[in-house]
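Letters A, B, ... mirror the listed sequences (proteins, then strands); counts begin at 1. This structure is a prediction, so every number in the text was calculated from the model and none was measured.
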2 protein chains.
Amino acid sequence: MAERKSERTRAAILTAARERFGADGYERATVRAIAADAAIDPAMVIRYFGSKEKLFAEAAEFDIRIPDLSDVPADEVGARLVRHLVTRWEEEDTFRVLLRTAATNESAAERMRQIFASQLAPTLARLAVDQPALRAGLVATQALGFALCRYILQFPPVTALSADQAVAFLAPTITRYLTEPLS
Amino acid sequence: MAERKSERTRAAILTAARERFGADGYERATVRAIAADAAIDPAMVIRYFGSKEKLFAEAAEFDIRIPDLSDVPADEVGARLVRHLVTRWEEEDTFRVLLRTAATNESAAERMRQIFASQLAPTLARLAVDQPALRAGLVATQALGFALCRYILQFPPVTALSADQAVAFLAPTITRYLTEPLS
DNA sequence: CACGAAAGTCAACAGCCGTTGGCATATGCT
DNA sequence: AGCATATGCCAACGGCTGTTGACTTTCGTG
């Protein structure tokens, strides 16, 4: 069972990495600091993950896990979606890591675009009355803007919101973006 | 006229700095690269601005210049505001510099919060039916989310939008955040 | 117990970074 | 012209970065 120990430290590194990347962003989070948090030698980080960039790639793997909304009443879709997103964002650091980093790191931005294109857009496409890509894009602006103001920029009025309040305000916007007829 | 020349290079540095900061973010934009863009020695950058941080502070000075909307018909406030923001964001690099950097740099985030609190919130407060801080916060989530998806993450459906389309979609959301009764 | 591989330590590398001080040059004033 | 000062270049510093290779310890297995 020589591998048991190694998997534990591997997980420790990953946890520390997510914390540091999430708090400081990619550039300012140093391998040495991550190693210190995980109480191991910086060399081990490289040994386990090959490079800082590969470590980040693994630390920022994120599945948004959008539920199937196809048999949810049309007027509840927005609320269900918003609640799912907020829950999902707050139960892991991963998304925050990705969002924070995506602003200054092109590969993280690309990953963000991929999540949008492969996870969010297809699901929303079945709920939009027309122009699915455009409507998914609009939904993304509101969803990510909320995440930005709440978790990254930490605007006081936005951080002060409860999850319920957030859902109540954002849901109608999402619904409108998916269904409002184009003028 | 010894100062004329210096002011020209000072401006050149500032321009190059805004470009680099805007493209790469604070950490990855090096003093050396900025100096190279301005066709000048790295030492001059420090001589003129004292430090990289002070250079950034000056490069990221941004006045959102929100117009007086107090005598605009209530149903046009959203459109006017959105159009102003998009115009303002696109006529300078400054805002993009700030937004990109705010994700990983605490002092830039603080500046963002200040712009929100001292420039946006007070104006919106006079337009909101109640709970001015909360409503201004909601407006910010939609406005900044749009900027994030369009200028930073560059989601294709969002970059594809014309200014007119953006206004048409976002304006009703803004109006609703300012006026919709709380349930 | 002995052996070998896995896990971890340590020191050092080369390469950037922001910043500094000294020195050349140009420019404007008297 | 000659001086003072502003402007600019150059080389170098100390510090931090990701990454590497050699060495030591740990530990499961024959």
Side-chain angles (χ1 to χ4, degrees), chain A residues 1-60 97 100-101 103-108 111, chain B residues 1-60 97 100-101 103-108 111:
Chain A
M1 287 279 154
E3 307 169 272
R4 289 296 157 158
K5 183 90 179 291
S6 87
E7 285 195 13
R8 234 185 304 143
T9 75
R10 199 188 144 90
I13 295 173
L14 221 43
T15 304
R18 274 193 259 263
E19 249 170 67
R20 282 283 176 179
F21 282 138
D24 302 338
Y26 182 80
E27 334 281 344
R28 307 189 57 174
T30 69
V31 171
R32 281 172 165 85
I34 293 170
D37 285 3
I40 47 118
D41 194 89
M44 298 305 296
V45 175
I46 304 297
R47 257 253 244 285
Y48 274 85
F49 294 90
S51 70
K52 182 186 181 181
E53 205 168 350
K54 287 180 191 166
L55 169 62
F56 173 78
E58 196 146 337
V97 171
R100 174 162 258 140
T101 308
T104 46
N105 186 291
E106 176 53 27
S107 80
R111 164 119 24 146
Chain B
M1 290 264 164
E3 308 169 88
R4 289 294 156 155
K5 183 89 178 291
S6 86
E7 286 195 12
R8 233 185 305 142
T9 74
R10 200 190 143 89
I13 296 173
L14 221 43
T15 303
R18 274 193 259 262
E19 251 170 64
R20 283 282 175 179
F21 282 138
D24 302 337
Y26 182 80
E27 333 281 344
R28 308 189 56 173
T30 68
V31 171
R32 283 172 163 85
I34 292 169
D37 284 4
I40 214 171
D41 193 89
M44 296 306 296
V45 175
I46 303 296
R47 257 253 246 284
Y48 274 84
F49 294 89
S51 71
K52 183 186 182 183
E53 205 167 352
K54 287 181 191 166
L55 169 62
F56 173 78
E58 197 147 335
V97 172
R100 172 161 261 140
T101 308
T104 46
N105 185 291
E106 176 52 26
S107 80
R111 166 116 29 142

How many whole angstroms separate atom CZ of B:Phe49 from atom C1' of C:dT20?
18 Å
Walking DNA chain D from its 5' end, the first of A:Thr30 and A:Gly50 to be reached, judged by nearest nucleotide, is A:Thr30
Would you say D:dG8 has OP1 or OP2 under 4.0 Å from some side-chain N or O of B:Thr9?
yes
Could you tell me the separation between the CE atom of A:Met44 and the C1' atom of D:dG21, rounded to a whole number of Å?
14 Å
Within a strict 4.5 Å, meaning less than it, do heavy atoms of the A:Ile34 and A:Phe21 side chains meet?
yes
Let me know the distance between CZ of B:Phe56 and C1' of C:dC17, rounded to the nearest Å.
18 Å
Which whole-number value in Å describes the distance from B:Asp41 CG to C:dT25 C1'?
14 Å
Measure OH/A:Tyr26 against P/D:dG18 and give the value in whole Å, please.
8 Å
Are the side chains of B:Leu14 and B:Phe49 in contact, using a 4.5 Å heavy-atom criterion?
yes
Whole-Å distance between C:dC10 C1' and A:Ile40 CD1?
14 Å
Any A:Glu27 side-chain heavy atom under 4.5 Å of B:Thr104 side chain
no
Could you check how far CD1 of B:Ile46 sits from C1' of C:dT20, rounded to whole Å?
10 Å
Please pick, from C:dT19, D:dG21, D:dT17, the nucleotide with the shortest atom-to-atom distance to any side-chain atom of A:Ala43.
D:dG21
Contact nearer the 5' end of DNA chain C, comparing A:Tyr48 with A:Arg32:
A:Tyr48
Does the distance from a Lys or Arg side-chain N to an Asp or Glu carboxylate O, for B:Arg28 and A:Glu106, drop under 4.0 Å?
no
In whole Å, what is the span from the CZ atom of B:Arg47 to the P atom of C:dG22?
12 Å
